[in-house]
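Only this structure's heavy atoms are used, side chains among them; waters, hydrogens and symmetry mates stay out. Naming convention: chains lettered A, B, ... in sequence-line order (proteins, then strands); numbering from 1 in each chain.
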Amino acid sequence: MQKGNGREKDLELYIHIPFCVRKCAYCDFLSAPAEEAVRAQYVEALKGEIYQQRFFGEERKVTSIFMGGGTPSILEGVQIAELLETVHDCFRIEEDAEITVECNPGTLTRDKLSCYRQQGVNRLSMGLQSADNRELGLLGRIHTYEEFLESFALARKMGFENLNVDLMSALPGQTRESWQRTLKQVLALKPEHISAYSLIIEEGAPFYERFGPGAGEEDLLPDEDTERRMYYDTGDILKAEGYERYEISNYARPGFACRHNLGYWERKEYLGLGLGASSLMGGVRYRNHKNLTAYLAGDYTHEEVQRLSRREEQEETMFLGLRKTEGVLLTQELMEAYEEVFAKLEQQGLLVLENGRARLTDLGIDVSNYALAEFL
Amino acid sequence: MASMDQSKIRNFCIIAHIDHGKSTLADRIIEMTGLLTSREMQAQVLDNMDLERERGITIKAQTVRTVYKTKNGEEYIFNLIDTPGHVDFNYEVSRSLAACDGAILVVDAAQGIEAQTLANVYLALDHDLDVLPVINKIDLPSAEPQRVIDEIEDVIGIEAQDAPRISAKTGQNVEEVLEAIVERIPAPGGDARAPLKALIFDSVYDSYKGVIVFCRIKEGTVKRGTPIRMMATGAEADVVEVGYFGAGQFIPCEELSAGMVGYLTASIKNVKDTRVGDTITNRENPCAEPLPGYKKVLPMVYCGMYPADGAKYPDLRDALEKLQLNDASLQFEPETSIALGFGFRCGFLGLLHLEIIQERLEREYGLDLVTTAPGVIYKVHRTNGEVIELTNPSNLPDPAEIEYMEEPMVSAEIMVTTEFIGSIMELCQERRGIYLGMEYMEETRALLRYELPLNEIIYDFFDALKSRSRGYASFDYDMKGYVQAELVKLDILINKEEVDALSFIVHSSTAYERGRKMCEKLKEEIPRHLFEIPIQAAVGSKIIARETVKAMRKDVLAKCYGGDITRKKKLLEKQKEGKKRMRQIGNVEIPQKAFMSVLKLDDK
């Protein structure tokens, strides 16, 4: 473990677990079911990579750790524990670091949660998606709403005081009413954080074959007006219960915004560990390769290595930062670089400049790609 | 070579419908007369351009001289003049034919006679050429040589029973064709001591030698130093070099005399001075009168061509100038469009010519082009008696100043299998065709004759013809003068702004239909904006069709975390890039593609 000297840079760690029980119908992530033996080998390989990357820990302190996937909770509790121990051995972790594990209802047990707690995990992100069992079936989820309720209650019981619930709107066949029902049912549980995404039909996901352009069933998707109304409903309903939207799809009670994710939008350094994990380190973006066999054999090669120019950093600052509702704090440099863009977007009612910050308006969020593309 | 025995020369061409195997036979003849070994031959020697090979058509006339040794050991010089195969180049075809003494008619043993076969045969007979029929592709399972022979005799009325039955592809029986050329195509005539009289049938530009003139010597002799004059253009020069055609190369020789086919150079800087069809004579000892049949070819079809990237305007000009060096029928002049910026109004012989030029500009010169709807030349009679030849719809005078307008007509022949007669007649009706008659070629095929307005066939007629006959119809046409017509200018307004590049002249009876289709098409092509965009078609101040591009309601990436950033950024960059390629009309951004999409509207 490194000794702090007070001048260290913040570092975020992302740890990727590319396994799940079954691939969901909308998922295009790097994740697949795997044998227990493969999972065990992976944990070993991942520990190897963490160890190898420890030099990044010099002069840096870890402010957050996020174990994502896939379904990290598919691993044994001890496996998660070993991984976090290795991290502790190689990096200096801040006292109050945010440590999140993504988990799926149906994979959580008392033992696993207990292991998490012992290793300092203080936040769980639970993939629920919908409180409607028919919708869950359509999405190809492995759990029912009732199983989620059990897992959620268990997490509370085991002392987790920072819980996120992932939800999904604009599902095929979904109505505003069923979406509102999902929101209200989840709100009754009082999670600290809610991520509510509009379904994206990603190329490469099974849904694309059914609901992609020209695939035949795309008419089942809510139309744009309905989709936007669902989005506005989300904001309104959550706000009434004390949740603030702080990013396009993220809502939290005061003080519970996800620090790790905020780091991405604020361009903090992050080190991705595990198969296919992305990093932003020392002004360079890169990604680990995606070949599981090679990874298991200890190959940690980087791909898509891209050193960012000053201009590219500015572009990122804008298109990432404007995802946050508070927007971007404007430096003199940004003001000069984007004077015309700001003027155009303001005139179109998509952006406001106030208190030295730029932020998107509600209309600007609706068409954020259009607005954000202007900064590139 | 000086004392060439005329009786040992054969000047001939091959005529055929597209795909019947003209170029393959030409290749075989070249190969079998020993000019090239098959290894040296790139398939189809005569079709030089990539485009020609891809489309299976000959765009520019090509010529080659070979030596054939007959079965009884005599040597003959063959000058094979390969002619362009498309109606757009009819005049070039007729001049190439005039340079020959006979023609080989290639007919596909499975397809039989097609519209273009007929058109070319008539052209050859008009030039008093002996036509030697050859039945090709006998190796095809569906070949019916005897049926096709009967058809040739019935329809064209030439003796065909002993026509060679060959496969140009495999070389089977091609020897028979070579012997038949010697026996049945007459030797050239002409007096080598008479005053020079030579027909220009093509020319190419060479940056070292200047214009290389392809000619057939009808009378007299030409050699280095001969002082020549082109009788129609009046251009004069002194000959620097004469020679004949190897395969893809020019081989200099001492002189060219009556009966011979070859080339000459005379440091001529401009192909415009050496018009196809003109007669070359010796200016110090001129012939009494030029060869008949010369005419100046004029463009029939016009369109605007604009560089997609405005900064490439000088590149486009340079490219057009270079193409024009070899193609005197291509015309262009600068024009400006509010929508598309700086570009050129270009004139072409026909739609194929247009497409070829467009493709060559894009491929050989790497230009990304936006073209406007092709139009014809309308004659606008103004109330003050003045007549304007209108090539750009934007220049149409105020309707109050127009007495009446005229449009060019063509007489068309369409060959079609009987099952599709109904749908093809319907198509011709839709295109304002006037039915002239129908003849049955045989039980299953008929020849339809129509008079059609040229502006109805230059858009997508050929595509429509093919799609409505499952590819079986073939088509040929001839220009037929102007007739008065009820024509109007159709304007397209996008978000209330008129887009000049989308205006065009249309018959009043089809204005509504076309306006509606254009609006529908544009609606598909114009991306949604932050506001609603009306697309309207108007004649004068009257709106005749309307569509609306709804306002963009949603364009948002729900997720963007650490692993997504690079990918999402690419997505946004693509969006941004797409925008760059758009044209700004008022506050609406229109993709270049939208301008092109309205060129093809037939939806059957």
Side-chain angles (χ1 to χ4, degrees), chain A residues 12 14 16 29-30 66 68 168-170 195-200 202 223-225 227-228 231 247-250 260-261 263-265 267 270-272 276-280 285-287 304 306 312 315-316 319-320 323 348-350 360 363-376, chain B residues 309-310 494-497 520-521 523-534 547-594 597 603:
Chain A
E12 304 197 322
Y14 174 80
H16 190 67
F29 288 169
L30 180 59
F66 196 104
M168 236 181 226
S169 63
S195 296
Y197 307 103
S198 287
L199 173 68
I200 307 172
E202 299 276 11
D223 63 32
E224 284 188 351
D225 278 329
E227 189 277 338
R228 277 296 94 182
Y231 183 74
E247 189 260 2
I248 291 177
S249 305
N250 282 287
H260 182 85
N261 287 341
Y264 293 139
W265 304 315
R267 300 196 69 256
Y270 62 95
L271 180 61
S278 299
S279 301
L280 170 62
R285 285 198 185 276
Y286 60 87
R287 173 172 73 59
E304 296 179 9
Q306 190 201 2
E312 285 169 323
E315 291 171 2
E316 288 191 3
F319 93 75
L320 293 171
R323 295 188 65 87
Q348 291 176 319
L350 304 181
L360 293 181
L363 176 63
I365 289 176
D366 289 343
V367 295
S368 53
N369 289 348
Y370 172 89
L372 298 178
E374 291 289 326
F375 292 96
L376 299 184
Chain B
D309 172 0
I494 293 178
N495 206 20
K496 314 277 184 196
E497 297 236 15
E520 283 171 6
K521 200 77 171 193
K523 183 189 174 182
E524 289 168 22
E525 296 292 338
I526 296 175
R528 294 190 303 164
H529 283 54
L530 298 173
F531 43 87
E532 195 176 274
I533 304 166
E547 290 284 341
T548 306
V549 178
K550 282 210 235 157
M552 178 178 15
R553 292 281 292 119
K554 179 207 165 195
D555 184 14
V556 53
L557 295 170
K559 279 189 182 186
C560 187
Y561 297 116
D564 305 320
I565 292 169
T566 308
R567 193 157 58 110
K568 304 290 181 187
K569 191 168 153 190
K570 277 186 191 143
L571 208 100
L572 293 177
E573 271 164 357
K574 215 168 132 193
Q575 191 159 351
K576 176 89 180 180
E577 209 37 55
K579 262 179 146 175
K580 270 194 205 150
R581 284 199 301 272
M582 296 208 197
R583 298 286 178 162
Q584 184 95 22
I585 308 284
N587 51 359
V588 179
E589 282 156 341
I590 306 176
Q592 318 262 23
K593 231 174 94 214
S597 72
D603 46 13

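- Counting only distance, with no hydrogens or angles, the side chain of B/Arg553 and the backbone of A/Glu227 share no donor-acceptor pair below 3.5 Å.
- Using bins of under 30°, 30° to 60° and over 60° for the plane-to-plane angle, the ring pair A/Tyr197/B/Tyr561 lands in the perpendicular bin.
- When heavy atoms are compared at a cutoff of 4.5 Å, B/Leu557 approaches chain A by way of both its backbone and its side chain.
- Neither the backbone nor the side chain of A/Phe66 has a heavy atom closer than 4.5 Å to any heavy atom of chain B.
- The contact between A/Arg285 and chain B is made entirely by side chain atoms (from C-beta outward), counting heavy-atom distances below 4.5 Å.
- The distance from atom CD of A/Gln348 to atom CZ of B/Phe531, rounded to the nearest 0.5 Å, is 8.0 Å.
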Without placing hydrogens or testing angles, list every side-chain donor-acceptor pair under 3.5 Å for residues 569-577 of chain B, not counting sequence neighbours.
from: B/Gln575; atom 1: NE2; to: B/Asp555; atom 2: OD2; distance (Å): 2.8
from: B/Lys576; atom 1: NZ; to: A/Glu374; atom 2: O; distance (Å): 3.4
from: B/Glu577; atom 1: OE1; to: B/Lys580; atom 2: NZ; distance (Å): 3.4

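- Neither the backbone nor the side chain of A/Leu30 comes within contact range of chain B, judged by heavy atoms closer than 4.5 Å.
- Remark: the backbone N or O of B/Ala558 is not paired with any side-chain donor or acceptor of A/Ser198 at under 3.5 angstrom.
- Looking at A/Asp225, both its backbone and its side chain come within 4.5 Å of chain B, counting heavy atoms on both sides.
- Interatomic distance, NZ of B/Lys554 versus CD1 of A/Ile365, reported as 14.0 Å (0.5 Å rounding).
- A salt bridge links B/Lys568 to A/Glu202: at least one charged side-chain nitrogen sits closer than 4.0 Å to a carboxylate oxygen.
- In this structure, B/Arg528 pairs ionically with A/Glu224, as a charged nitrogen and a carboxylate oxygen lie closer than 4.0 Å.
- Side chain of A/Tyr14 to main chain of B/Gly562: no donor-acceptor pair is present (N/O by atom type, distance under 3.5 Å, no hydrogens or angles).
- Considering all non-hydrogen atoms of both residues, B/Ile565 and A/Tyr264 come closest at CD1-O, 4.3 Å.
- Chain B forms more heavy-atom pairs under 4.5 Å with one residue of A/Leu372, A/Ile248, A/Asn261, A/Ile200 than with any other, namely A/Asn261.
- A pairwise comparison of heavy atoms in A/Leu320 and B/Cys560 identifies CD2-SG, 3.9 Å as the closest pair.
- Between chain B and the options A/Val367, A/Leu363, A/Asn369, A/Asn250, heavy-atom pairs under 4.5 Å are most frequent for A/Asn369.
- When the candidates A/Ser278, A/Gly68, A/Ala373 are compared by the number of heavy-atom contacts under 4.5 Å with chain B, A/Ala373 comes out ahead.
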